Amino acid sequence: MDVKDKIIKAIQHALDSLQIFSDDFMPIDLSPPKQKEHGDLATNIAMILASKVKKNPRQLAQELITRFDLDPGIVSHVEVAGAGFINFTLNHQVLYHGLLGIIESREKYGHADWGNQKKTQVEFVSANPTGPLTIGHGRQAVLGDTIARLLKATGHNVTREYYFNDAGRQMRVLGDSVRYRYLQLLGKSVEFPDDYYQGEYIRDIARHIVKEKGNSLQDQGVDETPCFRDTAESIIFQDINTTLKRMDIHFDVYYNEKSLYETEKIDRVIQELREKGLAYDLDGAVWLKATALDLDQDRVIVKSTGEPTYRLPDIAYHKDKIDRGFELIIDIFGADHIATYPDVLAGLKALGYDHSKVKVLIHQFVTLTEGKEKIKMSTRKANFVTLDELMDEVGVDVTRYFFLNRSMSSHLNFDLTLAKTQSDENPVYYVQYAHARISSILQHARDRGYDPDIQGDTALLKTNEEIDLIKILLDFPRVVSDAANQYEPHRIPAYLENLATSYHRFQHAGKMDDSLRVVSENKETTHARLMLCKATKIVLANGLELLGISHPEKM
RNA sequence: GCGCCCGUAGCUCAGUUGGAUAGAGCGCAUGCCUCCGGAGCAUGAGGCCACAGGUUCGAAUCCUGUCGGGCGUACCA
């Protein structure tokens, strides 16, 4: 990576000596070109500056490269190409050196420390306990967990948090739904309301209550005994946590909205807003003067019934996050919450807080299809596929990979029949297979008397397949840092598939040509190639680890 | 009506923040192992990057408009 800095410095030097200064702060772009014929790194600087200094870009590029002072031990070749690109080819020594670095760093390879242990919170899932987690929640759960993993790997001090509310109207309806099922189980003929929770799990909870309490609650309304609601909540929450654990997702903090009331944080927010003239009364309700904060309409924060709307606790909650010292606060929401967060940010601004610490990531919905049928998901109507059902069907690794494979801003089309029938052709197996295959070849080498931990002469690695593979391995830290920095986990699977392809190609070469076999009579090449295998295995494992996906030794 | 997201191969999706000849997986066609894992490798067919303008050396990417789909636009969360 210092290699890149050295080249940028050389370019900067050349520009200085030509008396070219770009006054607007413009970083010099130096990135790997798409095609390998164009070298390892390329810059477009000559094309960008050409018009400013009134020169033809190619000519300017020529002038620049004659002024470069680069160690040939680092950059073996520089050329002007295309419309004025400057392409750099790295000396293989740089690659060999990097390869050794991977093996030394092991499970730390790809990790970085630019997060500076910044106190970071990732809030996700945050589903109220009204039913089992669905495929829709799954996308968010996996995204949130993986973003947390990426941030941790880049040196952030990460807290995973789950925010929930077990007090509102939803929970009352839930409790009453259970009560109705309970009465039905006791043989009462009561009609189950259409807009109540229809799911089978409600019956299960009711059965549980019958078992525990018999018919002793048959004359109790939902407001007279907390039993229906509390039992439902505790069973459902347990269920949610079991599902999350199954996906290897663990939260550090469960934050209950209720506590915001108990500690009077809600009241204080209203008071403070009033003092600043940013809240006012109208029609018996309390309004947030959002128009004074560049939003298009004012919003109710306390209803005329005296109950707050979701906005108020959300503002108080985010204020509390900042008060707890978080310097980076990541909220992961589904597209249905798109309208709510500007009010929350405006509220924070109104309270004098730095809302730029809050990053709101919106993921689009999962549209579920079965063949060509589109299924509308709704917890209330019991029209959903649970995450557990999905994992039963395709397994945890496939489930996680499926959600991570695509960018969160794109709508995810989930074809159930396809997921079931093609599960063993999922690209996740392709990546895992490469890892297992390496384990196997390392074992094979040991069986033949080789010690894979002996350091070989890396300079013997020089076929196209070997060099390409090393270059991809060395790109891993950049990919991880970019993925973390942009909150885009899907870059990791894309990278891993590419890496797996490159590895398979490398090992396959030995099938076509004996002199390219990894394990052979030639001790020197064998030791060198085993190092390449080991380094690849490390990167595959580290990458899969970041995704929360297993990296089996055997499949 | 207004706001956000999306429109790229038959299907599902990438596209390194504006770069060189637009990619992968699945599906389709054709090849490749007596020995390191065939859950693999190679080759091929398949594209008006939704459409129309604009910005510049250069646009799938940025701007404007149109069409199509999703989600919002609550004194629901």
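Fair warning: this is a prediction, and the values are worked out from it, not measured in the lab. Note that these values count all heavy atoms, side chains included, but never hydrogens, waters or copies made by symmetry. Order of the sequence lines sets the chain letters (A, B, ...), proteins ahead of strands, with each chain counted from 1.
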Name all residues meeting the side chain to side chain donor-acceptor pair (under 3.5 Å) criterion together with [X]; count only those two or more places apart in sequence or in a different chain, and write none if there are none.
| X | result |
| --- | --- |
| A:Asp29 | A:Ser31 |
| A:Asp40 | A:Lys471 |
| A:Asn165 | A:Glu257 |
| A:Arg58 | none |

Using a 4.0 Å heavy-atom cut-off, does [X] contact any base of the nucleic acid, only the sugar-phosphate backbone, or nothing at all?
| X | value |
| --- | --- |
| A:His504 | sugar-phosphate |
| A:Arg437 | base |
| A:Gln507 | base |
| A:Ala509 | nothing |
| A:Tyr430 | sugar-phosphate |
| A:Asn498 | nothing |
| A:Ala445 | nothing |
| A:Asn87 | base |

Which pairs pass salt bridge (charged side-chain N to carboxylate O under 4.0 Å, His left out) with one or both residues in [range], sequence neighbours excluded?
| range | answer |
| --- | --- |
| residues 530-541 of chain A | A:Asp453-A:Lys534, A:Lys537-A:Glu553 |
| residues 126-144 of chain A | none |
| residues 501-511 of chain A | none |

Just how far, in rounded Å, is [atom2] of [N] from [atom1] of [X]?
| X | N | atom1 | atom2 | result |
| --- | --- | --- | --- | --- |
| A:Lys511 | B:G31 | NZ | C1' | 15 Å |
| A:Tyr495 | B:G23 | OH | C1' | 18 Å |
| A:Asp296 | B:A74 | CG | P | 10 Å |
| A:Met555 | B:G38 | CE | P | 13 Å |
| A:Tyr433 | B:C41 | OH | C1' | 11 Å |
| A:Asn165 | B:A77 | CG | P | 8 Å |
| A:Ile301 | B:A74 | CD1 | C1' | 15 Å |
| A:Leu295 | B:C4 | CG | P | 13 Å |

Roughly how many Å apart are [M] and [N], using the [atom1] atom of each and rounding to a whole number?
| N | M | atom1 | result |
| --- | --- | --- | --- |
| B:G3 | B:U64 | P | 10 Å |
| B:C2 | B:A60 | C1' | 28 Å |
| B:G27 | B:U12 | P | 15 Å |
| B:C36 | B:G46 | P | 37 Å |
| B:G40 | B:G1 | P | 49 Å |

- Pairs satisfying side-chain hydrogen bond (donor to acceptor under 3.5 Å, both in side chains), at least one member in residues 167-176 of chain A, at least two apart: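 Non-adjacent pairs meeting side-chain hydrogen bond (donor to acceptor under 3.5 Å, both in side chains): A:Arg172-A:Asp223, A:Asp176-A:Arg179, A:Asp176-A:Tyr196.
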
- Message: Tell me whether A:Asp513 at atom CG has more than 12 heavy atoms from other residues, nucleotides or ligands lying less than 6.0 Å away.
- Response: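 Check passes, neighbour count above 12.
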
Charged N to carboxylate O below 4.0 Å: is that the case for [X] and [Y]?
| X | Y | answer |
| --- | --- | --- |
| A:Asp166 | A:Lys258 | yes |
| A:Asp331 | A:Lys321 | yes |
| A:Asp343 | A:Arg311 | yes |
| A:Arg448 | A:Glu521 | yes |

- Message: By nearest heavy atom, map A:Lys554 and A:Met512 onto RNA chain B; which one lands nearer the 5' end?
- Response: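 Per heavy-atom nearest nucleotide, the more 5' residue is A:Met512.
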
- Query: Taking the nucleotide of RNA chain B with the closest heavy atom to each, which residue, A:Glu37 or A:Asp29, is nearer the 5' end?
  - Reply: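 Upstream on the strand: A:Asp29.
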
- Ignoring backbone atoms, establish whether A:Arg311 has a side-chain N or O less than 4.0 Å from OP1 or OP2 of B:C75.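 Answer no for this pair, as no side-chain N or O of A:Arg311 is under 4.0 Å from OP1 or OP2.
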
Return the nearest nucleotide to the side chain of [X]; candidates are [options].
| X | options | value |
| --- | --- | --- |
| A:Arg169 | B:G37, B:C76, B:A74 | B:C76 |
| A:Arg299 | B:A74, B:C36, B:C75 | B:A74 |
| A:His508 | B:A74, B:C41, B:C75 | B:C41 |
| A:Ile338 | B:G72, B:G40, B:C5 | B:G72 |
| A:Tyr429 | B:A39, B:C76, B:G25 | B:A39 |
| A:Ala339 | B:C41, B:C36, B:U73 | B:U73 |
| A:Trp287 | B:C75, B:A77, B:A74 | B:C75 |

- Query: Reading nucleotides 7-16 of chain B from the 5' end, what letters show protein touch, with B for base, S for backbone sugar-phosphate only, - for no heavy atom under 4.0 Å?
  - Reply: -----SSSSB

- Supply the atom-to-atom distance A:Ser502 OG to A:Ile467 CD1, rounded to the nearest 0.5 angstrom.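 Separation between the atoms: 11.0 Å.
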
- Item | Reported NE2-to-CG distance for the pair A:His77 and A:Asn87, which is rounded to 0.5 angstrom |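 Answer for the NE2-CG pair, A:His77 versus A:Asn87, is 8.5 Å.
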
- Task: Applying ring-ring contact (aromatic ring centres under 6.0 Å, His included), run through A:Phe124 and A:Phe251 and close with a yes or a no.
- Result: CA-CA 9 Å; A:Phe124 60 109; A:Phe251 284 91; 4.6 Å; yes

Could you list, one pair per line, each protein nitrogen or oxygen that sits under 3.5 Å from a nitrogen or oxygen of nucleotides 27-29 of chain B, together with the distance?
residue	atom	partner	partner atom	Å
B:G27	OP1	A:Glu425	OE1	2.9

- Message: If stacking means aromatic ring centre less than 5.5 angstrom from the base's six-membered ring centre, planes under 30°, is A:Phe85 stacked on B:A20?
- Response: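 Here the ring of A:Phe85 and the base of B:A20 are stacked, with centres under 5.5 Å and planes under 30°.
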
- Is the glycosidic torsion of B:C49 within 90° of 0, making it syn, or is it anti?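 Anti for B:C49; the angle lies over 90° from 0.
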
- Query: What residue among A:Val431, A:Val396, A:Val428, A:Leu496 forms side-chain contact (heavy atoms from CB on, under 4.5 Å) with A:Ile549?
  - Reply: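 One option only clears the test, and that one is A:Val428.
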
Hey, what are the protein-to-nucleotides 56-58 of chain B N/O distances that come in under 3.5 Å?
none

- Item | Range-with-range stems of RNA chain B (Watson-Crick or G-U pairs under 3.5 Å, three or more in a row) |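 Stems (3+ consecutive pairs) listed as B:1-7 with B:67-73, B:10-13 with B:23-26, B:28-32 with B:40-44, B:50-54 with B:62-66.
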
